[in-house]
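Written below as structure tokens is the structure these notes are about.
By convention in this document, chain letters (A, B, ...) are assigned in the order of the sequence lines, proteins followed by strands, and residues within each chain are numbered from 1.
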Number of protein chains: 4
Amino acid sequence: MARTRSEQSRRAILESALSLARSGGYGKLTVDAVAAAAGVGKQTIYRWWRSLGEVVLDTLREHAKSLPAPETGSLEGDLTAFLGATFRLQRGPNGTAEVLRGLMAEAQLDDGFAPSFAEFIEARRAVLRSIVLRHVPAARGSEAEATVDMLFGAMWYRMLVKHGPLDSAFAQTLAALAARQHGEKR
Amino acid sequence: MARTRSEQSRRAILESALSLARSGGYGKLTVDAVAAAAGVGKQTIYRWWRSLGEVVLDTLREHAKSLPAPETGSLEGDLTAFLGATFRLQRGPNGTAEVLRGLMAEAQLDDGFAPSFAEFIEARRAVLRSIVLRHVPAARGSEAEATVDMLFGAMWYRMLVKHGPLDSAFAQTLAALAARQHGEKR
Amino acid sequence: MARTRSEQSRRAILESALSLARSGGYGKLTVDAVAAAAGVGKQTIYRWWRSLGEVVLDTLREHAKSLPAPETGSLEGDLTAFLGATFRLQRGPNGTAEVLRGLMAEAQLDDGFAPSFAEFIEARRAVLRSIVLRHVPAARGSEAEATVDMLFGAMWYRMLVKHGPLDSAFAQTLAALAARQHGEKR
Amino acid sequence: MARTRSEQSRRAILESALSLARSGGYGKLTVDAVAAAAGVGKQTIYRWWRSLGEVVLDTLREHAKSLPAPETGSLEGDLTAFLGATFRLQRGPNGTAEVLRGLMAEAQLDDGFAPSFAEFIEARRAVLRSIVLRHVPAARGSEAEATVDMLFGAMWYRMLVKHGPLDSAFAQTLAALAARQHGEKR
DNA sequence: GTATAAGCGAGACGGTACGTCAAGTCTTTTT
DNA sequence: AAAAAGACTTGACGTACCGTCTCGCTTATAC
């Protein structure tokens, strides 16, 4: 005998949060602003999410689904394709890099948000790990983990510090170096 | 012919900031608290630093100086030593990891702080880059950069996401994989 | 369709402001202290008043209502009664003199507050003016205004400079002199 | 073997204080601004005066000396002349009204300044009192005091509340009413 | 088919911290 | 010893957001 959750409000909140984070920078995102932009009461946000970070994370989960695991036949080829596609999704004014940086920051400052973010990260790691293991089954264990950390680590490092571009050349270099780690021809 | 800067206040601020960041978490660090703990007026902080991030960064610059570049004869050996020492400095209750995570977050949220932090990061990259190039001169260019990004990237990735430890085993694995990237015997 | 203004907070603010002004002196009244004493956020004060002066003025408006216009039959009698009652309200530890002095000071230093205070003053002048005109209709115009200014002026002058008491003897003297200005037998 | 007080600094401080008070309003007068405008260290101000109020009061003491007691033969004439001259000194952009208002406010808020200000006020009262007593010796006592309070009170009241002008017409009206209080022809 | 309880937009609320301003004091160097 | 310069501690300012809490309205069951 109760009213049901408004799908319209849910969408408006997700979209407003993402668009405000992109335009003004994640650091200037506020609950008041999101609520106002979405034409929604603040309580409606707090009723369904624990923080703005969770809202934004929700929007990214959908984005990431559009990344299929490639099949080129070689580790270097698969990595080049996967990393290239991942970088492409982040680049540009409509890319997710700005928002990802904000979420990473949030996870450092808000202990409540860190687990959700870690879970999101783990999902991405699982995909990359499976690519590595498909070509180098023997690497199972700390070596595969380290390779995954080196690849995604390099990506995040550049995304966060901005000392170099996340372009296809970088994707290729990373793929080549990772392949060599596991004995593919140099 | 005016009063000179108080060295006592400077030290008190640096020490209070670092100790509060370690005890309560960087996210709960406030200017009011630092000023109170240092027995200092807030204005004195704002007079000499642009934000708390800059204060904390100042304390870390001194810490990092204590890391000497190693000389073991092989790339893998040097990397193992360098990464191991770096990780050791970050570990534990008196380690710098908690504070580094906070600074990385700050750099994402505060555009004014990002350049200072990037400069700090670049100084660390320079040391690692020189180690790589000493052993593999031919890697000069994007390959050396990528190797540096993969190593420090993996470190930051684990520091930020906390999905794995920064211990000597990880240092060794990273060193071995990086050495293989550049043709050292496996 | 929003939450309505809290009557409880409104009263607590008015009472705290008045009581703090009386105990510590108007000059030491601070927004922080009023908010703390009232158990209220500062924003709640700023939401409804433009300055502490307006808050205190609000409490005085109610106080002043308790002064009825007298009817003794003569100008001198009415003035004696009216001024006597007015002075009495200001005297003593629970009197309003301390607070009135503070408001007068505020009006000099804060251009935004001056109009509100002038309006409050005019309301009081209107009462005294009507007493004068009831007995001396011919004084309408600058003479009545001047008489009002001389009576309230003398009161404020003593309140502000504190060179003489605001007692019933002074009320009587003022009343007598004002009556003579308008030809009542001496 | 000591340096003597700098007359140049003294003058610069007095002039800067007065001019800043007139241009920006007494309420916005600050010690920093006066010191900067006078090309003087803040300590030099604090060494010789207890507060900015005392500085400004010093400048006014000289101004007031330029008011000679008039001799027209009648109470009404003398009062008209005296009040007219007094009002004239206060009017206009170079008048002292703005500054006097500020000092009166200061005296209400700063207990340390009130005595100095009261002394200044009393000097002015003495002049007006002597005029009244010269023409109405019998008024000695509370009646003369009350008349002085009514005249200066009316002046201050208008100066502070700004509900009417301090012009020669008002001076005349006040003089006439005061004369009637003491039996001069109506 | 209507009562009723949850969802909702709105926005007031108690708090915490911000970054700024000015006060009055202290220290350094110069005159 | 007085002065210019300006750093220092202190304390209050007015603002921004936080997360919580009514308020009155809307709407989808469950009776």
Side-chain angles (χ1 to χ4, degrees), chain A residues 1-10 12-13 28-36 38-52 110, chain B residues 1-10 12 28-36 38-48 50-52, chain C residues 1-10 12 28-36 38-48 50-52, chain D residues 1-6 8-10 12-13 28-36 38-48 50-52 110:
Chain A
M1 46 173 113
R3 189 175 177 175
T4 52
R5 177 171 186 182
S6 159
E7 175 62 13
Q8 182 186 324
S9 293
R10 198 190 124 265
I13 290 166
K28 284 171 187 156
L29 200 61
T30 68
V31 177
D32 284 296
V34 172
V40 138
K42 281 202 287 179
Q43 198 58 250
T44 302
I45 297 179
Y46 285 111
R47 197 178 349 257
W48 302 107
W49 292 275
R50 288 202 298 160
S51 71
L52 271 195
D110 176 356
Chain B
M1 32 172 132
R3 187 177 179 174
T4 52
R5 178 170 183 183
S6 160
E7 176 61 14
Q8 183 185 323
S9 291
R10 197 189 123 266
K28 284 171 188 156
L29 197 61
T30 69
V31 177
D32 283 305
V34 172
V40 137
K42 277 201 286 180
Q43 201 61 254
T44 300
I45 297 180
Y46 285 112
R47 202 186 337 266
W48 302 108
R50 289 199 297 164
S51 71
L52 272 195
Chain C
M1 29 169 133
R3 188 176 180 176
T4 52
R5 177 170 184 181
S6 160
E7 176 63 12
Q8 183 185 325
S9 293
R10 198 190 123 264
K28 285 170 188 155
L29 197 62
T30 69
V31 177
D32 284 307
V34 171
V40 139
K42 278 201 286 181
Q43 201 59 254
T44 301
I45 297 180
Y46 286 111
R47 196 175 355 254
W48 301 109
R50 289 199 297 162
S51 71
L52 273 195
Chain D
M1 49 173 111
R3 190 174 174 177
T4 52
R5 176 172 187 182
S6 159
Q8 183 186 326
S9 292
R10 198 189 123 264
I13 290 166
K28 284 171 188 156
L29 200 60
T30 69
V31 177
D32 284 296
V34 171
V40 136
K42 280 202 286 179
Q43 198 58 251
T44 302
I45 296 179
Y46 284 111
R47 200 182 341 262
W48 302 107
R50 289 202 297 163
S51 72
L52 271 194
D110 176 355

Hey, which sits more toward the 5' end of DNA chain F by its nearest nucleotide, D:Gly41 or B:Ala38? D:Gly41
Find which nucleotide of DNA chain F each of D:Val40 and B:Ser9 is nearest to by heavy atoms, and output the residue with the more 5' nucleotide. D:Val40
Minimum heavy-atom separation for D:Ile13 and D:Val34, please, with both atom names. O-CG1, 4.1 Å
Contact summary for A:Ala35 and A:Gly41, nearest pair of heavy atoms: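 Residues A:Ala35 and A:Gly41, closest heavy atoms: CB-C, 4.3 Å.
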F:dG19 OP1/OP2 closer than 4.0 Å to side-chain N/O of A:Trp49: no
Verify the contact: side-chain N or O of D:Trp48 to OP1 or OP2 of F:dA2, cut-off strictly under 4.0 Å; return yes or no.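 No.
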What integer distance in Å separates [X]:[atom1] from [N]:[atom2]?
X       : N      : atom1 : atom2 : result
C:Ile45 : F:dC13 : CD1   : C1'   : 12 Å
B:Gln43 : E:dA23 : CD    : C1'   : 12 Å
C:Leu52 : F:dG14 : CG    : C1'   : 12 Å
B:Tyr46 : F:dA7  : OH    : P     : 18 Å
C:Glu7  : E:dA12 : CD    : P     : 16 Å
B:Arg5  : E:dC26 : CZ    : P     : 22 Å
A:Leu29 : F:dA16 : CG    : P     : 17 Å

For the CZ atom on B:Arg50, are there more than 12 heavy atoms of other groups (residues, nucleotides or ligands in this structure) within a distance under 6.0 Å?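 Result for CZ/B:Arg50: open.
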Got A:Lys42 and A:Ile45 here, is their nearest side-chain heavy-atom distance under 4.5 Å? no
Cation over ring, D:Arg5 on D:Trp48, under 6.0 Å and within 45°? yes
As a test of reading the structure: which of [options] is closest to the side chain of [X], going by heavy atoms?
X       : options                : result
D:Val31 : F:dC21, F:dT15, E:dG24 : E:dG24
D:Arg3  : F:dA12, F:dT20, F:dA2  : F:dA2
C:Asp32 : F:dT15, F:dA12, E:dC13 : F:dA12
C:Thr44 : E:dC13, E:dC8, F:dT9   : E:dC13
A:Lys42 : E:dA22, F:dC8, E:dA12  : E:dA12

Of B:Thr4 and D:Arg50, the one whose closest DNA chain E nucleotide lies more 5': D:Arg50
D:Thr30 near the nucleic acid: base, sugar-phosphate alone, or nothing, with a heavy-atom cut-off under 4.0 Å?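 Sugar-phosphate: the residue D:Thr30, judged by heavy atoms under 4.0 Å, touches backbone atoms but no base.
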Just call it for B:Arg47: base, sugar-phosphate, or nothing, with non-hydrogen atoms closer than 4.0 Å on any strand.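 If one applies the 4.0 Å heavy-atom cut-off, B:Arg47 turns out to touch a base.
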